[in-house]
2 protein chains.
Amino acid sequence: MPDRSASPPDSPTGGLTPKAEQTRTQILRAALDLFRESGYDGTTMRAVAKAADVSLGNAYYYFASKEHLVQGFYDQIQVDHAAAAESALAAETGFSGRLLAVLDSWVDVAAPYHEFAGAFFKNAAEPRSPLSPFSGESAAAREASIALHRRAVEGSDVKVAAALRAQLPELLWLLQMGVVLFWVHDDSPEQRRTHDLVRQIVPLVDRLIRLTRLPGARGLAEDVVALVAKVRG
Amino acid sequence: MPDRSASPPDSPTGGLTPKAEQTRTQILRAALDLFRESGYDGTTMRAVAKAADVSLGNAYYYFASKEHLVQGFYDQIQVDHAAAAESALAAETGFSGRLLAVLDSWVDVAAPYHEFAGAFFKNAAEPRSPLSPFSGESAAAREASIALHRRAVEGSDVKVAAALRAQLPELLWLLQMGVVLFWVHDDSPEQRRTHDLVRQIVPLVDRLIRLTRLPGARGLAEDVVALVAKVRG
DNA sequence: CGTCGTTCTTGAACACGTTCAAGAAAGGTG
DNA sequence: CACCTTTCTTGAACGTGTTCAAGAACGACG
């Protein structure tokens, strides 16, 4: 009796895949090409299968759904962002500059996918979707992104209230999610408005963080941290 | 020659509808009932049409798509919220209490739709969707919601930096959007965690606002307002 | 080699959202 | 009343994402 719930390699480079891992990447590559070319809705699973030289059913053997193909896009952009941010970070020592480096490099890296991203962004917003940035399936990418912000913080000179320090990278990641939300809605050419937003908001964040060391604000900062900690669980 | 782009009453209670407006509400009512009962994905347009005693094609004559049926849900919940918040506001004079009244009453009013909301929330997140809270089609509901927050601010004793005062209702509306985002992802029974979030974040916001009058923070507040103003355009 | 269990592959079939050509009612206008 | 235009109504048909029963290919063990 064949396994009813035929679950193939589920993770990007899942543990269990002999050599037909190649077929998987073949499908994924075809999908990303078509997504880029015709957008998400404009790309049919039949077209993906044909471009990858497999049958329709076979595509579904490797990817549980069309949405799952998008996870490949996530992984790709995350890797690209990590590389771009890393080289931008090398040139900056101030906190402000380093945060700007991380945020701005994301906007640059994501630029080619802007139109396509708008079309499938809705899927990411669905709570139960594996594509949600808060989902368990996205944990790896999320952690990697938070780690990037941690590097931005730790490599800098920023003085921050002790209680806040540990949580800061996660809060900055949240800020980045906000930037992404804005970016997706940004119709301006070259996403100039998102660039402007980033450039203006970074010094504000910088000042806000330094403010947390003032007597009147420290307690507030601690409460914010406590709130985030409680709410995250 | 019949009008090719057969556009029927587009707005909720659009100007031009003789008496067959009744058919429209009939369909809408059937849809909302089914949505509540079986969720968004579990409800088919065929089922809606049958429940409303019209043909499938006729449902599409009145509503351009399944998503457009959801606008009815939006309108309903906004009206309910306005009423609930109004009565809650009557009992509160402090800013903190008034803000809590507005946010908490939303969570209460929306509770019956929590499961259903999660299923279609993705549509609202799509930039080009008319259901997006930032879209032109949602402008009316958005304005009404902002007006509610304006009432919360103006009826209270809060002292806020002048520059911030005008923008505050809009910022609070943004805060509410954040609460909605959290609510949609909230799996806890009765959405207890969202209630906790609201109850904890309100005093924080209260303190944060009062802080904007301190010398060290006032400039920052003004810059935030300037940023929001620029970014909104 | 033969046999069995697992992994992989296939295309037909299903249910759905949506479109469309065709026509029925309804509402003037003479 | 007859005629025409506009509004409304219909169900078949299309293309889509997804499922499924059936079997091919493969690998291990005797």
Side-chain angles (χ1 to χ4, degrees), chain A residues 1-10 14-27 30-31 34-35 38-71 119-120 122-123 126 129-131, chain B residues 1-10 14-27 30-31 34-35 38-71 119-120 122-123 126 129-131:
Chain A
M1 197 193 324
D3 189 354
R4 184 56 53 105
S5 65
S7 42
D10 213 3
L16 28 143
T17 21
K19 76 169 187 186
E21 163 77 16
Q22 187 190 354
T23 308
R24 203 192 135 91
T25 47
Q26 199 174 344
I27 296 171
L34 287 173
F35 283 160
S38 319
Y40 182 75
D41 288 333
T43 301
T44 74
M45 287 300 282
R46 286 166 178 80
V48 169
K50 174 169 282 185
D53 248 321
V54 298
S55 73
L56 177 61
N58 205 11
Y60 275 95
Y61 180 77
Y62 287 101
F63 295 92
S65 75
K66 191 179 178 182
E67 288 188 16
H68 278 72
L69 281 169
V70 178
Q71 193 84 41
F120 80 82
K122 57 176 184 183
N123 302 336
E126 193 176 19
S129 166
L131 298 180
Chain B
M1 199 192 324
D3 190 352
R4 183 57 51 106
S5 64
S7 43
D10 214 4
L16 29 143
T17 20
K19 75 170 188 186
E21 162 78 17
Q22 186 190 354
T23 308
R24 203 192 135 92
T25 47
Q26 198 176 342
I27 295 170
L34 287 173
F35 283 160
S38 318
Y40 182 75
D41 288 333
T43 301
T44 75
M45 288 299 282
R46 286 167 177 82
V48 170
K50 174 168 282 187
D53 249 321
V54 299
S55 74
L56 177 60
N58 204 11
Y60 276 94
Y61 179 77
Y62 287 101
F63 295 91
S65 76
K66 192 178 176 184
E67 289 188 15
H68 279 72
L69 281 168
V70 178
Q71 193 84 41
F120 80 83
K122 58 175 183 184
N123 302 335
E126 194 176 19
S129 166
L131 298 180

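Everything quoted here is computed from the prediction, not taken from an experiment. All values below were derived from every heavy atom in this structure, side-chain atoms included, with hydrogens, water molecules and symmetry-related copies excluded.
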Polar-atom pairs under 3.5 Å, protein N or O versus N or O of nucleotides 11-15 of chain D: list them with distances, or write none.
none

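- Scored by the side-chain contact (heavy atoms from CB on, under 4.5 Å) test, A:S65 finds A:E67, A:H68 as partners (sequence neighbours excluded).
- Qualifying side chain to side chain donor-acceptor pair (under 3.5 Å) partners for B:S55, counting only residues two or more places apart in sequence or in other chains: none.
- Going from atom OH of B:Y40 over to atom NZ of B:K66 covers 5.0 Å, rounded to the nearest 0.5 Å.
- Nucleotide D:dC8 holds its C1' atom 14 Å from the CD atom of B:Q26, rounded to whole Å.
- Between the C1' atom of C:dC8 and the CZ atom of A:R24 lies a distance of 15 Å, rounded to the nearest Å.
- Within the 4.0 Å cut-off from OP1 or OP2 of D:dC8, not a single side-chain nitrogen or oxygen of B:Y62 is found.
- If you take CG of A:D41 and P of C:dT18, they are 11 Å apart, rounded to a whole angstrom.
- Regarding A:E67, its CD atom lies at a distance of 18 Å from the P atom of D:dT16, rounded to whole Å.
- Remark: B:T44 engages B:R46, B:A47 in a side-chain contact (heavy atoms from CB on, under 4.5 Å) (not counting sequence neighbours).
- Protein atom OH of B:Y60 is 12 Å distant from nucleotide atom P of C:dC16, rounded to whole Å.
- Side-chain atoms of A:Y61 lie closest to C:dC8 of the nucleotides D:dG17, D:dT9, C:dC8.
- Checking side-chain atoms of A:S38 against main-chain N and O of A:F35 turns up no donor-acceptor pair under 3.5 Å.
- In this structure, the CE atom of B:M45 is 7 Å from the P atom of C:dT18, given to the nearest Å.
- We find the CG-OG1 distance between B:N58 and B:T23 to be 7.0 Å, quoted to the nearest 0.5 Å.
- In this structure, A:H68 places its NE2 atom 13 Å from C1' of D:dT18, rounding to the nearest Å.
- One atom, CZ of A:F63, and another, P of C:dC8, lie 13 Å apart when rounded to the nearest Å.
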